[in-house]
Amino acid sequence: MNKNLVIVESPAKAKTIEGYLGKDFIVKSSFGHVRDLSTKDLGIDINNDFKPVYEVMPEKKKMISDLKKIANSSETIWLATDEDREGEAISWHLAEVLGLDQAKTNRIVFHEITKSAITEAISHPRRIDQHLVNAQQARRVLDRLVGFELSPILWKKVKPALSAGRVQSVAVRLIVEREEDIRKFQSTFAYRVSGIFEVGSPIGIATIKAELSKRFSTLEEARAFLELCSKATFKVADVEKKPGKRTPAPPFITSTLQQEASRKLGFSVSRTMTVAQQLYESGKITYMRTDSVNLSQTALGMAKDEIIKQFGKEYHKSRHYTTKSKGAQEAHEAIRPTYLNQGTIDGDAAQNKLYDLIWKRTIASQMADAILEKTNIYIDISNSSEQFVAMGEVIKFDGFLKVYMESSDDDTEQTEGILPPVTKGEKLRMQQIDAVQKYAAQPSRFTEASLVKKLEELGIGRPSTYAPTISTIQKREYVVKDDREGTTRNYVQLTLKEGKIKEAVKHEKFGYEKSKLFPTDTGELVTRFLQQYFDDIMDYNFTANVEKEFDEIAQGLKVWNEMIRGFYSPFHKKVVETLESGEKAKGEKLLGIDPETGFNVYVKLGRFGAIAQLGETDSPDKPKFAGFRKGQTLDNITLDEALKLFEFPRLLGQYEDVDITVGIGRFGPYLLHKSKFCSLKKTDDPATITLVRAIALIEEKRTEGANRTIKSFAERPDVLVLNGRYGPYIAVGKNNIKIPKSTDPASLTLDACLKLAESAPAPSKKKFIPRGKNRS
DNA sequence: CAGTGAGCGAGCTTCCGCTTGACTT
């Protein structure tokens, strides 16, 4: 008979804890939630006080039956899941499923994974907190009601297979509204004046760059000011020195890790989480899904030792951070290296980079402030009341900056370095003054990571769901991650030098975007639709408001199913009304008339995206349809552009006695020749492409195809060494295998290829996804 | 990741939150 069974959520945690507890304890993990609402229908018995219909999740069945056996032969069971709403619920579900007597089952929580903390927890067991469990049930039931009643409305009124939910729909709304802001944005400009002044110092001539605080709205005003300056003398009006300091950022939590990895390493949100998971599983870092900035005593001690050892005592400052984001539940520590004396690890490139980031951020968070000296030099103009100001900043003591500096999303901030010493009243010689036409920047689009930041600020979503939410809204094609080339525009620059004013027209690029989130037509339509009929759920404060009620349930001040009833009655009424009388939202509009046929040209959202339609749906002659090109939306397409879409596929000419046609497919314009496809290049326009160019493209593709094969084997025609878009690889049937960097692809033998194929990780099967585990 | 290129509707889709694993048509 086994004495003690401890159940935690994560297997990695189970392994560490088992080491601390000794042989009287078996530690197992539940792998997260073990039961969920049935998906056969709503999974909630509405007429029976919203009684949830729970089922053991299919992929957990085996684990539960194994756990049952161990539980039955154990004297004492310790439920040690996380100390938050979800963790409490997991313990309760376990107790239910394993048939445990709750009056005898011990519920414990660890605040850190150390021997003393665990022994301490074991000596203070409690019972399952049913109020907290009920708060979780309310959360779960509410999310199911919203998701499973709203989504079918979308299937009927907009497009099949769409989805709506408390979190994802608001995430999409943020992106849609940002895009609207950008569309509405009217770029304004002002002339910004800056001057370069010379000061004679004992060691030679130094320059000071200073800005005029006043901006001019017209070119004439700017010119008049420069003319004034050409006759003016300049002197130092005042020198102001102020001490300043900079403080390190708190240690990483999930959202801040995602942001910094995005800004500094260019990782997508899901990439960051995958790599962090690897680091966690190999014991390099603490748990990566957390909203707590807290560091354990052990970590503080290790950080102190490491900082003193590497940088000296004056660089250390112990800091305790507290979590302030809405809805934070603090079940874990901040994300930090397990051993802070390990500055580097032995991992792959991505792991090393992410680890380095985490190590630096953690260490910096326990380091001293950076001490600065800020200097402002005010420069008087003899014939004007305006003033130039030069701002400088000198680091007196680098403190945490020695290790780590947080990046920001807008890279506009710029600080001047050291300013030369000047004294009040000192005359300055003007070298040059520029007045530059500067346009105000349009609102910036969200990146994956900055969207996560915004969601967290609003208290929407949890550390474990940020990455899945971001991929859901892309999978549903509500938003796309895309780049924009940007366009050039002219601006005017006036330069005053050696008594003369010169005017020049210069160019600048603007609107360049890289990996930004753009709403699709579907995203915009669905958002508009949901806002029209369900504005309360689309409200940015909806989650925060229901969270307040969940908290009251957790404190025993409210009954969970009464709260749900209060929400559901009006909500469901609206659902029924919308289904009955809500108009279909296909975004259909009449663009105009085709001058050739006289038929109406419509645009609308079809099953596979936006389409143009020529003719009437109910006419005996079926209408013609054509899909949009990239970048075209229901909002921005013109009649001419729509008419062009119907010109494809068109016959271009003949090559080798066979027709070449130009078409537009789902991946852009293409050529079709001898039943082979060939994409047009970005610079080619399918409307104007010549036969000569088309033949060149086809030939190019042929030689590319010929160069594709590096090696083939007569005895195994299905094994090939190929040159792909991402470098050489081995193809065995339909599987593609990476070639190690150290190997020369041309030297590979058949045996070597097959060996590599065998040792390669099994191809991930994404085609068939079992129910209940359909994310990542 | 390693190449794709319909069709405008015949019967499915969906939520949020915990957590990692992988064999059958």
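Proteins get letters first, then strands, A, B, ... in listed order; numbering begins at 1 in each.
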Describe the nucleic acid contact of A/Ser163 in one word from base, sugar-phosphate, nothing, applying a heavy-atom distance below 4.0 Å. sugar-phosphate
Determine the stems involving DNA chain B; a stem requires 3 or more consecutive pairs of the Watson-Crick or G-U wobble kind, each with both distances below 3.5 Å, and the answer is none if no such run exists. none
Should A/Tyr287 be listed as having a side-chain N or O under 4.0 Å from OP1 or OP2 of B/dT19? yes
Answer with base, sugar-phosphate or nothing: what part of the nucleic acid does A/Thr81 contact at a heavy-atom distance below 4.0 Å? nothing
With sugar-phosphate meaning primed atoms plus P, OP1 and OP2, does A/Pro623 contact a base, only sugar-phosphate, or nothing at under 4.0 Å between heavy atoms? nothing
Mark this stacking check for A/Phe148 against B/dC15 as yes or no, applying ring centres under 5.5 Å and ring planes under 30°. no
For B/dG17 and A/Thr465 - does any side-chain N or O of the residue sit under 4.0 Å from the phosphate oxygens OP1/OP2? yes
Would you indicate, yes or no, if B/dT14 has its OP1 or OP2 atom less than 4.0 angstrom from a side-chain nitrogen or oxygen of A/Arg476? yes
Sequence neighbours left out, what passes ring pair (Phe, Tyr, Trp, His ring centres under 6.0 Å) with A/Phe529? Give chain and number order. A/Tyr533
Tell me whether A/Arg107 forms a cation-pi arrangement with A/Trp92, defined as NZ or CZ under 6.0 Å from the six-membered ring centre and within 45 degrees of its axis. no
Sorted by chain and residue number, the side chain to side chain donor-acceptor pair (under 3.5 Å) partners of A/Asn134 (sequence neighbours excluded) come out as A/Gln130, A/Gln137
Using a cut-off of 4.0 Å on non-hydrogen atoms, how would the nucleic acid contact of A/Ser464 be classed: base, sugar-phosphate, or nothing? base
Counting just side-chain N and O atoms, does A/Arg289 come under 4.0 Å of either OP1 or OP2 of B/dT19? yes
Within the 4.0 Å heavy-atom criterion, would you say A/Val146 contacts the bases, only the backbone, or no part of the nucleic acid? nothing
Would one find a side-chain N or O of A/Gln136 under 4.0 angstrom from OP1 or OP2 of B/dG17? no
Sorted by chain and residue number, the side chain to side chain donor-acceptor pair (under 3.5 Å) partners of A/Thr633 (sequence neighbours excluded) come out as A/Asn636
In whole angstrom, give me the gap between the P atoms of B/dT19 and B/dC23. 23 Å
How is A/Gly32 classified with respect to the nucleic acid when contacts are heavy atoms under 4.0 Å: base, sugar-phosphate, or nothing? base
Distance in angstrom units between A/Met273 CE and B/dT19 C1', rounded: 12 Å
For A/Phe677, which residues count as a ring pair (Phe, Tyr, Trp, His ring centres under 6.0 Å) partner, sequence neighbours excluded? A/Tyr670
Sequence neighbours excluded, the answer for side chain to side chain donor-acceptor pair (under 3.5 Å) partners of A/His33 is A/Glu86
Looking at B/dC18 and A/Phe31: do their rings stack (centroid distance under 5.5 Å, interplanar angle under 30°)? no
Looking at residues 87-97 of chain A, who's got a heavy atom less than 4.0 Å off DNA chain B? none
Comparing A/Arg35 and A/Phe625 on DNA chain B - which has the more 5′ nearest nucleotide: A/Phe625
Base, sugar-phosphate, or nothing: which does A/Tyr280 touch, judged by heavy atoms less than 4.0 Å apart? sugar-phosphate
Under 4.0 Å, counting only non-hydrogen atoms across every strand here, what does A/Arg166 touch: a base, just sugar-phosphate, or nothing? sugar-phosphate
With salt bridge (Lys or Arg N to Asp or Glu O under 4.0 Å) as the rule and sequence neighbours excluded, what pairs involving residues 158-171 of chain A come up? A/Asp143-A/Arg166
The ring pair (Phe, Tyr, Trp, His ring centres under 6.0 Å) partners of A/His93 (sequence neighbours excluded) come to A/Tyr54
Pairwise P distance, B/dT20 and B/dT24 [rounded to whole Å]: 24 Å
Could you check whether A/Gln613 gets within reach of a base, just the sugar-phosphate, or nothing at all, counting any heavy atom under 4.0 Å? nothing
Those residues that, when tested against A/Asp536, pass salt bridge (charged side-chain N to carboxylate O under 4.0 Å, His left out) (two or more places apart): A/Lys574
According to side chain to side chain donor-acceptor pair (under 3.5 Å), who are the partners of A/Gln168, at least two apart in sequence or on a separate chain? A/Ser163
To check you understand the geometry: which heavy-atom pair defines the closest contact between A/Thr81 and A/Glu88, and what is its length? OG1-N, 4.4 Å
Ring-on-base stacking B/dT13 with A/Trp155 (under 5.5 Å, under 30°): yes
For nucleotides 9-12 of chain B, give me every protein contact, N/O to N/O, under 3.5 Å, one pair per line with atom names.
from, atom 1, to, atom 2, distance (Å)
B/dG9, O6, A/Arg607, N, 2.7

Any carboxylate oxygen within less than 4.0 angstrom of a Lys/Arg side-chain nitrogen, looking at A/Asp82 and A/Lys13? yes
Within 45° cone and under 6.0 Å: A/Arg144 NZ/CZ vs A/Phe148 ring: yes
